[in-house]
**Student:** 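Dropping the structure in here first, questions after.
Predicted model, so just to flag it, every value in this text is computed and none were measured.
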Amino acid sequence: MLDSVQLVVDWIGQNQKEARIKKLDKRVNQAKHSLNQTFLAPMPLLENGQ
């Protein structure tokens with residue numbers, strides 16, 4: 001009985017960890033995207049201006 005409870009607790013903990021990692025990945029991707037928008041978007045404008 002206790003073993004199966006421990007298994008469930010471990011499984012829930014693992015799922016929460018994976019969910020947290022997915023959230024972090026999402027944030028990192030959003031940050032990369034906004035950095036790309038910030039730095040790459042002006043580039044063509046600068047080239048056109050020269």
**Student:** What distance separates Leu7 CG from Gln14 CD, expressed to the nearest 0.5 Å?
**Tutor:**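 Separation between the atoms: 12.5 Å.
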**Student:** What is the distance from atom NE2 of His33 to atom CD of Gln37, rounded to the nearest 0.5 Å?
**Tutor:**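 It comes to 4.0 Å.
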**Student:** For Val5, which residues count as a side-chain contact (heavy atoms from CB on, under 4.5 Å) partner, sequence neighbours excluded?
**Tutor:**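 Checked Val5 against side-chain contact (heavy atoms from CB on, under 4.5 Å); matches are Met1, Val9.
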**Student:** Identify, with sequence neighbours excluded, every residue that meets side-chain contact (heavy atoms from CB on, under 4.5 Å) alongside Leu24.
**Tutor:**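 Counting only residues at least two positions away or on another chain, Leu24 forms a side-chain contact (heavy atoms from CB on, under 4.5 Å) with Arg27.
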**Student:** What residues form a side-chain contact (heavy atoms from CB on, under 4.5 Å) with Asn15, not counting sequence neighbours?
**Tutor:**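 In terms of side-chain contact (heavy atoms from CB on, under 4.5 Å), with neighbours along the sequence ignored, Asn15 is linked to Trp11, Glu18.
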**Student:** Can you tell me if Gln6 and Asp10 form a side-chain donor-acceptor pair at under 3.5 Å?
**Tutor:**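 On atom types as modelled, these side chains qualify, holding a pair under 3.5 Å.
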